[in-house]
2 protein chains.
Amino acid sequence: MSICFERAPAIVVSAGRANLEPTGQRRYLRTMSLPHPNPDQISLANVLAVLGDQTRLAIVGYLARNEGVAMSCGQFLDFGSKTNLSYHLAKLREAGITRTEVSGTSRLISLRRDDLDSRFPGLLDSIVTAARGLPQLERLREDS
Amino acid sequence: MSICFERAPAIVVSAGRANLEPTGQRRYLRTMSLPHPNPDQISLANVLAVLGDQTRLAIVGYLARNEGVAMSCGQFLDFGSKTNLSYHLAKLREAGITRTEVSGTSRLISLRRDDLDSRFPGLLDSIVTAARGLPQLERLREDS
DNA sequence: TCAATAGTTCAACATATTTTGAACTAAGGA
DNA sequence: TCCTTAGTTCAAAATATGTTGAACTATTGA
């Protein structure tokens, strides 16, 4: 069991059926880096919207409490199902909140602290601090 | 034209048809204060989710830039239609972000700065500061 | 080379959020 | 008393978001 490949970027061939090779095969983008927004493309409203979700807020809290430790997707399995987690982690990456690096068969997730701090000073810290008093990992499921 | 009465609290009589007197008449709650969450009921995830919307973020930015000035709902008409604004202002109030006071036929909206600051230190300031560089009032419509 | 592992994608469904206009109410002023 | 003003409510439609399982792929290790 594992999770966290995340959605490949939409090299759309025909709407709704992305990443298909001419042969009809899917094309995964494991070896290339996943799309991350540039710092100036990170939108405040989007960051807030993405963090306005129990699951994602808990994930970010967990990342903050373990900053510096390499986190692979599998470590988040308590937060949801494999598929669902893949979805949430993609949201976090696409919003510019996390960075995802490829490392062998797994991926390493980290907070984009520097980018967030310089773009929205104090925001991440105030959120992470406020989130400390919140349900974490084990208590997440039944609370929400 | 005007806006901002906000949804009356659900003194539910039968689901989906709230605030009906036995006579079948609607009951508005103009003269009583509208329901606001207690400080300890303000949820971080909810605050973020509610602010993760262009319109509401712009409203809060506007309130922050005019703190101390009494703001009636009508002043926000540039942010949306009467009905729609009523909806967004209710969301802000229900999340504990704003306070709504009755004053004659209109209502005065203000930020719950003290409550937010003590519950989530630094959060409001970092958001408002970050929002300063964002589209405001006039530019809001075409941007989003 | 082959199996196992890690994670993604798709499609379908479920649910929640936004947006509208028409109908409405409550207070205040003429 | 009646009109105007300010704002709410409802119901319906449009849209967006979150959740699932089955099918899939890429890399690694045996």
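Just so we're on the same page: letters track the sequence lines, and every chain starts at 1. The analysis underlying the following values was restricted to heavy atoms, covering all of them including side chains, and did not include hydrogens, waters or symmetry mates.
The CG-C1' distance, from A:Leu108 to C:dA6, rounds to 12 Å in whole Å. At whole-Å resolution of the value, NZ in A:Lys82 and P in D:dT25 are 14 Å apart. At whole-Å resolution of the value, CG in B:Leu34 and P in C:dT25 are 18 Å apart. Regarding A:Leu85, its CG atom lies at a distance of 13 Å from the C1' atom of D:dG18, rounded to whole Å. Rounded to whole Å, the distance from CG on A:Leu89 to P on C:dA6 is 15 Å. As rounded to whole Å, 14 Å separates atom P of C:dT5 from atom CG of A:Leu77.
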If you restrict it to nitrogen or oxygen atoms, what contacts under 3.5 Å exist between nucleotides 14-20 of chain C and the protein, and what is each distance?
from, atom 1, to, atom 2, distance (Å)
C:dT18, OP1, B:Arg56, NH2, 2.6
C:dT18, OP2, B:Arg56, NH1, 3.3
C:dT18, OP2, B:Tyr87, OH, 2.4
C:dT19, OP2, B:Asn84, OD1, 3.1
C:dT19, OP2, B:Asn84, ND2, 3.2
C:dT19, OP2, B:His88, NE2, 2.7

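When side chains are defined from C-beta on, A:Leu63 counts as touching A:Phe76, because their heavy atoms get closer than 4.5 Å.
One finds the OH atom of B:Tyr87 at 6.0 Å from the CZ atom of B:Arg56 (value rounded to the nearest 0.5 Å).
Using a 4.0 Å cut-off between charged side-chain N and carboxylate O, B:Glu67 and B:Arg113 make a salt bridge. For the pair B:Lys91 and B:Asp53, the salt-bridge criterion is not met [side-chain N within less than 4.0 Å of a carboxylate O].
Closest non-hydrogen pair, B:Val47 versus B:Ala95, comes out as CG2-O, 3.8 Å. For A:Ile97 against A:Leu116, the heavy-atom pair with the smallest separation is O-CD1, 3.9 Å.
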